[in-house]
Peer 1: 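Here it is, the structure in full.
Bear in mind that the values here come from a model prediction, so they are computed numbers and not experimental data. We name chains A, B, ... by the order of the sequence lines, and we start the count at 1 in each one.
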Number of protein chains: 2
Amino acid sequence: MRIMHTADWHIGKNLAGFDLAKDQDAVFEKLVETAKKEHVDAIIIAGDLYDRANPSEDSVDRVNHMLYRLNRKEGFPLLVVSGNHDSGVRLGTGQQWYESTKLYMRTELKDAFTPVELEDTQFFLLPYFEPFAARDYFKDDSLTNINKAMPPVVEKMQKQFAPDKRHILVGHFFAAGSKHSDSETLVNVGGLDAVAVSDLQAFDYVALGHLHNRHALDDPKVQYAGSLLKFSVSEAVQEKGVYIIDTDTMQRRFVSLAPLHDLQQLTGSFARFADPTNFSAEELDAYTAVKLTDVEVIPNVMAKLRQVFPRLIELKRETHVDLGEVAHTDVKLAPTKLLGDFFQQVTGSELSEQQMEWAKAALAKAGEEKK
Amino acid sequence: MRIMHTADWHIGKNLAGFDLAKDQDAVFEKLVETAKKEHVDAIIIAGDLYDRANPSEDSVDRVNHMLYRLNRKEGFPLLVVSGNHDSGVRLGTGQQWYESTKLYMRTELKDAFTPVELEDTQFFLLPYFEPFAARDYFKDDSLTNINKAMPPVVEKMQKQFAPDKRHILVGHFFAAGSKHSDSETLVNVGGLDAVAVSDLQAFDYVALGHLHNRHALDDPKVQYAGSLLKFSVSEAVQEKGVYIIDTDTMQRRFVSLAPLHDLQQLTGSFARFADPTNFSAEELDAYTAVKLTDVEVIPNVMAKLRQVFPRLIELKRETHVDLGEVAHTDVKLAPTKLLGDFFQQVTGSELSEQQMEWAKAALAKAGEEKK
C-alpha cells in the first residue's frame, strides 16, 4: 500500500503576530492534491494537529473541516495520534465514532497496543505520552523518562506483530542517535527525553512527529515528516512537505509542498531593502527576517521596511560583535575607552573624532546629572 | 415509540464555588437507570450540555463519556442540539461521524431542516441560533429577533412533514405565552427574544431546553425539561428530572431524579443552625442557603455555620425592610432620627437607649474627623 506521512500542522499558530490560517489552508490544499495525485491508500498525521491544548473555536473548526475533508469527502483512511501541543481529550472528542469511516485516532497510551490493520500493514498508533502514564500503565516506577519507557512499549507492540504484515509505528516524541553514544542522545528537547532509534528497529517504518526539521534524524527506518510550514527563521532554508511510503519496497520519498508565502532571511543594506525593484514578487510577499549591514541609526526603520516587506517578522543588525569575547578584566578602563572598544567590536570601525566628542559631552552630562 | 427528554446539563458549572461534577455524574447515573428501566427508544438532549463555550478539559472528558455511555454502551439513539451556553463548533466536533450509531447532533441552523426519522416520528433538531443566522439563512433582513425568525423556520420544517409521522421539534430558546398577549411575551430572558408558543403548534411535541424550571410554560405541546440539578437558591423548591413521552398517545410524564446533595433554603436562628441535631443527615449534606432571623452581630458566622453545613452557599439576614418603602423625603431628618428609623425598618425593633448613645458617640466622632 501507499501511505502519506505528515505531522506538526500546528493549526492556530501565528508567526510574529501574523495569523497563519490562510497559509495553513493553502498548504493543506496542496497536501490534498498530492494525496489524490499519488493515489495514497492512507494518511498518517503524527501529532500536533493543533498548536495549543485549548485551541480557539476557529482552529477547532479548521481541524474539524480538514479531517472531514480528507476522510469523509476524499475517502482517505487516516491514522492520527495526539502530540504534545494537542490536548488528547479535546482532540480525541468523537474518536470512538471516527472508526466507522476508517479515521483511526489514538490519544491515550493504553490504546496504542491494538494495531490498526489496513491492507498489508499493521499500524501502531502511539500518542505523545508523559513518563507517568507509562509508569501507571506498566506498573513500573523505574520508567522515569521516555527513553526508559520505550522498550516495554515496543516489546508489548511486538507481541501483536502479525509476521506476514508490515509494521509501522506512528509516534510523537524526540528520537535521537543510539542509546550508547554520547550525551547528545539524552538531551531534552521540548520537554521530552530522547528515545534511542536503536530501540525502534523492530518496525519497518517509524512515522514521527515533533521535530519540525525533516532532516532531524538520519535513519533508514525512522523519519520525521517535518512541519508543513516554516514556523521560525531557523527553518528558513528547510524544504517542507510530506513523505510517501510504499509498503511493498518500504521506500520513502519526499514531496515538497509550496507555501502560500515563503519564509526568508535576507541580509543587506537598508538602501537595498528600501527599493522594491531589487526583489521578486515572491520575495516581497514572503515572511521576511531582515539583517541590516548598516551601522547608522535609521529613524523609523521598521515602518519603512514594512512598506516594502509587509510580512516583516524580524529585524536585526549584522554586527562584528561576539559579546562572549569582551574581556571582563577591562571593566576598570575609563568610560571613553570602554565605549571606543565596544563600538569597535560592534561596528568594526573606530569612533571618529566627532563621535568621541559627542560621547564625552554625553558622559559629562550624565556625570553631572548623577550628582 | 418512547422518548426521554432532558436538557440543560451545564457540565462544568459550579455553585457558589462548589464543583458540581460529582453531583452531575450521580444524577446522570439516575438518568441512565431511568432510560433503561423505562425502555426508552431515544433520548433528546435539548442544549446546554456544557456550562461554557470553552469548557475545561475535564468537562469535555465528562460530556464525551456521557455521550459514549448513552449511545455506544447502552445503545440509545440520541437527538442533540447545542444551546446558548455551548459552542456549536466545539460541541459539534465529530457530529458527521456520530450518525453511524444514531447519535444525531445539530449545531447549525442550516442543518435543522432535514428531519431525523426514527420509528413513527420525525425529529427536527433546531440548535440555539442568533437572529443574524436566520437573516443570513433566509436572506431576510426583517428577522431582527427570534420571535420573528421562528415562523419561517417552522414553515420550512412543515414542508418536510411526512403526514403519517409524529413531528417533534427539539429546540433551545425562550418560549412564552401567545404572540398577541401582553408585553410579558416579548421580554428578554438570557438575551433571547421570546418565541410565541402559538407559533409552535404545528408540532406534536416541542422538547425545549434553556429555562431551568420545567414549569416555566404551561402548554399542552410545548415543554421545558428543566435542568437535572438545582443551580440556584431560586430553584430550591423545584423538582428536577426528565420527561418521558409516548408517541402513540403523545402523553408525557415527569420522572424526578434524586440528587446526590439537595439544595435547600433554611430560615431560623443561629442557635438552631449551630446545633446539628436539629437537622437530618440529608439536610446537613445539602447545598444550603441560610437566612438568619437573628439581629445581633455573630462573630465569624460563616465559619461557624460551615462546620454544621459544609455546603453553605449563601447567608442572608431576614429583615423587615423593604428598601423601596423608605420615604426619600425624610433625608433632611437628624442623623439619629434617620438611624433610628432605618434600624426599625431593618430589624423590626427600636434602638435601645444604650444603642442610641453608642450611635450618638459614633456620629460625634465622625463629625470631628470630618473637620
Side-chain angles (χ1 to χ4, degrees), chain A residues 11-12 21 45 49-50 52-80 82-111 127-130 133, chain B residues 11-12 21 45 49-50 52-80 82-111 127-130 133:
Chain A
I11 302 300
I45 312 173
L49 284 76
Y50 288 105
R52 290 193 295 139
N54 192 356
S56 72
E57 202 172 76
D58 181 70
S59 298
V60 173
D61 200 34
R62 197 158 248 111
V63 167
N64 286 352
H65 275 94
M66 287 168 170
L67 295 179
Y68 181 83
R69 170 82 182 280
L70 287 176
N71 179 245
R72 299 296 294 261
K73 215 163 161 204
E74 309 294 350
F76 295 113
L78 302 185
L79 302 141
V80 185
S82 47
N84 56 312
H85 280 248
D86 300 309
S87 152
V89 168
R90 292 182 202 275
L91 178 65
T93 295
Q95 66 186 102
Q96 298 93 344
W97 282 266
Y98 291 151
E99 303 205 355
S100 63
T101 57
K102 297 191 179 176
L103 195 177
Y104 302 95
M105 182 184 279
R106 300 282 186 273
T107 59
E108 287 189 74
L109 175 60
K110 70 177 173 58
D111 297 328
Y128 167 80
F129 64 98
E130 297 277 356
Chain B
I11 302 300
I45 312 173
L49 285 76
Y50 288 106
R52 291 193 293 138
N54 193 355
S56 72
E57 203 172 74
D58 181 69
S59 297
V60 173
D61 200 32
R62 198 157 246 112
V63 167
N64 286 352
H65 274 94
M66 288 169 170
L67 295 179
Y68 181 82
R69 171 83 182 279
L70 287 176
N71 179 245
R72 299 296 294 260
K73 215 163 160 204
E74 309 295 349
F76 295 113
L78 302 185
L79 302 141
V80 185
S82 47
N84 56 312
H85 280 247
D86 301 308
S87 151
V89 168
R90 293 184 201 273
L91 178 66
T93 295
Q95 65 185 100
Q96 298 93 344
W97 282 266
Y98 291 150
E99 304 205 354
S100 63
T101 58
K102 297 192 179 173
L103 196 178
Y104 302 95
M105 183 184 277
R106 300 281 187 274
T107 58
E108 287 189 74
L109 175 61
K110 69 176 174 57
D111 297 326
Y128 167 81
F129 64 98
E130 296 278 356

Peer 1: For residues B/S87 and A/E57, report the shortest heavy-atom separation together with the two atoms involved.
Peer 2: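 That would be OG-OE2, 2.5 Å.
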
Peer 1: Which heavy-atom pair separates B/Q96 from A/R72 by the least distance, and what is that distance?
Peer 2: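 The pair with the smallest heavy-atom distance is O-NH1, 2.6 Å.
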
Peer 1: Just so I understand: if I count every heavy-atom pair under 4.5 Å between each of B/V60, B/V89, B/D61, B/L103 and chain A, which residue has the most?
Peer 2: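 Highest number of pairs under 4.5 Å: B/V89.
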
Peer 1: So, taking the atom named CG in B/N64 and the one named CD in A/Q95, what distance separates them when rounded to the nearest 0.5 Å?
Peer 2: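 Reported value, rounded in 0.5 Å steps: 8.5 Å.
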
Peer 1: Identify which part of A/N71 has an atom lying under 4.5 Å from any heavy atom of chain B, answering side chain, backbone, both or neither.
Peer 2: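 For A/N71, the side chain is the part near chain B, not the backbone.
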
Peer 1: Under 3.5 Å, is there a donor on one side chain and an acceptor on the other for A/W97 and B/T101?
Peer 2: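 Indeed, the side chains of A/W97 and B/T101 share at least one donor-acceptor pair under 3.5 Å.
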
Peer 1: Please report the interatomic distance OG(B/S56) to CZ(A/R90), rounded to the nearest 0.5 Å.
Peer 2: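 Here the rounded value is 7.0 Å.
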
